[in-house]
There are 2 protein chains.
Amino acid sequence: MNNYTRILREHNLKATPQRLAMANVLHVDGHISIESLYAVMIEKFTSISLATIYKNINLMVENSFIQEVKIPHAKSVYELTKDTHSHIVCEKCGKVNDVSLDLSTIIDNATKQSNFKIDKTDLVLSGVCKGCQ
Amino acid sequence: MNNYTRILREHNLKATPQRLAMANVLHVDGHISIESLYAVMIEKFTSISLATIYKNINLMVENSFIQEVKIPHAKSVYELTKDTHSHIVCEKCGKVNDVSLDLSTIIDNATKQSNFKIDKTDLVLSGVCKGCQ
DNA sequence: CACTAAAGGACAATAATTATCCTTTTAGTT
DNA sequence: AACTAAAAGGATAATTATTGTCCTTTAGTG
């Protein structure tokens, strides 16, 4: 049993060929939009339905196998769930990368300011990547 | 000429009654979704078209009079453009608040890590507000 | 291998957003 | 204040995005 079969099952998701392929695409691509994912998937599964993509994306998000990343002025992308991290997106080419940043002091600060009990951060930095400068 | 008339024109937007009302709603409410905005607007302009709301929102975003804030697991909200700031959203009641946080060291850190030229940050903290705890 | 719940595919239905077209209004300019 | 061009508003059609339905197939378990 390959790796993603096990991980899918740990998230209460049956390991269908379509889902395994989705997991692999997400693994290789890192961050992908619905439409791009569909474009890639239809290569392997010529008769896959867009509804299947949506249904799986939604189930996978509900079961925390993947996460949605909302990008300013662009469509959302999805990624395999990993340790907490932030994102940086290139305004020219659109590429999304992970960055590992310590936000603990920011959270402390925000807690004092707001009196919220904070349990999650979503940080997206925007700029121009090395290649596009 | 009232305040928002002037500010709208500074953003190359004609100051129509509908737009002035939108500006006031945004001012009073702080952060509002398209559907909520439409619900409020239709009280004052019983025959306003939803298309007008969309057209104005888009124009106002393009001309930097307002900004979109993407909220995890919820619809986007819009706010009048202000100095750079972050947001904190209550997972229970959905209320969105501004927080003023210094992200400069975070940006330095991310710059080193990514080699991006960073020019914008979008940070949304999630948690439970005082009232909902 | 047999059984049951779940998943896939085709496609209809909804929801969200944008485009079109024609009338009215704004913001200058006489 | 009237005149005009460009823009905006409203109605509604069209498009795009997403979800639901129904029936067939498959995964996973015993």
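Here is how names work: the chains are called A, B, and so on, in the same order as the sequence lines, proteins then strands, and each is numbered from 1.
Here the CD-CD1 distance, from A:Q18 to A:I48, works out to 5.5 Å after rounding to the nearest 0.5 Å. Separation of atoms CD1 (A:I88) and OG (A:S126) is listed at 8.0 Å; rounding is to 0.5 Å. To the nearest 0.5 Å, the span separating CZ on A:R19 from CE on A:M41 amounts to 11.0 Å. Note: A:L80 CG to A:M22 CE = 10.0 Å, rounded to the nearest 0.5 Å.
Between B:E62 atom CD and C:dT18 atom P there is a gap of 10 Å when expressed in whole angstrom units. When rounded to the nearest whole Å, the span between CG of A:L13 and P of D:dT26 equals 20 Å. Distance A:L37 CG to D:dA17 P: 15 Å, rounded to the nearest Å. Atom OH in A:Y78 sits roughly 10 Å away from atom C1' in D:dT18 (whole-Å rounding). As a whole-Å value, the separation of B:R9 CZ from D:dA7 P is 15 Å. Distance A:I57 CD1 to C:dA7 P: 15 Å, rounded to the nearest Å. Here C:dA27 presents its P atom at 12 Å from CG of B:N12, a figure rounded to the nearest Å. Rounded to whole Å, atom P of C:dA6 lies 17 Å from atom CE of A:M60.
Sorted by residue number, the members of residues 42-56 of chain A with any non-hydrogen atom under 4.0 Å from DNA chain C read A:S47, A:I48, A:S49, A:A51, A:T52, A:K55, A:N56.
Residues A:I57 and A:E68 fail the side-chain proximity criterion, which asks for heavy atoms closer than 4.5 Å. Side chains of B:P72 and A:K120 form a contact here, defined as non-hydrogen atoms less than 4.5 Å apart. Residues A:I66 and A:V61 are in side-chain contact: their nearest non-hydrogen atoms beyond the backbone lie under 4.5 Å apart. Considering only heavy atoms from C-beta on, B:L125 stays 4.5 Å or farther from A:L103 through its side chain.
Two end axes, each from the C1' atoms of five base pairs, can be drawn for the helix from C:dC1-D:dG30 to C:dT30-D:dA1; they diverge by 40°, to 10 degrees.
Sequence neighbours left out, the pairs with a member in residues 65-94 of chain A that pass ring pair (Phe, Tyr, Trp, His ring centres under 6.0 Å) are A:H11-A:F65, A:H31-A:H87, A:H85-A:H87.
In this structure, A:Q18 reaches the C:dG9 phosphate: one of its side-chain N or O atoms is under 4.0 Å from OP1 or OP2. Between B:T16 and D:dG9 there is a side-chain polar atom (N or O) within less than 4.0 angstrom of OP1 or OP2.
When distances are taken from the side chain of B:R19 to each of D:dG9, C:dA7, D:dA27, the shortest belongs to D:dG9.
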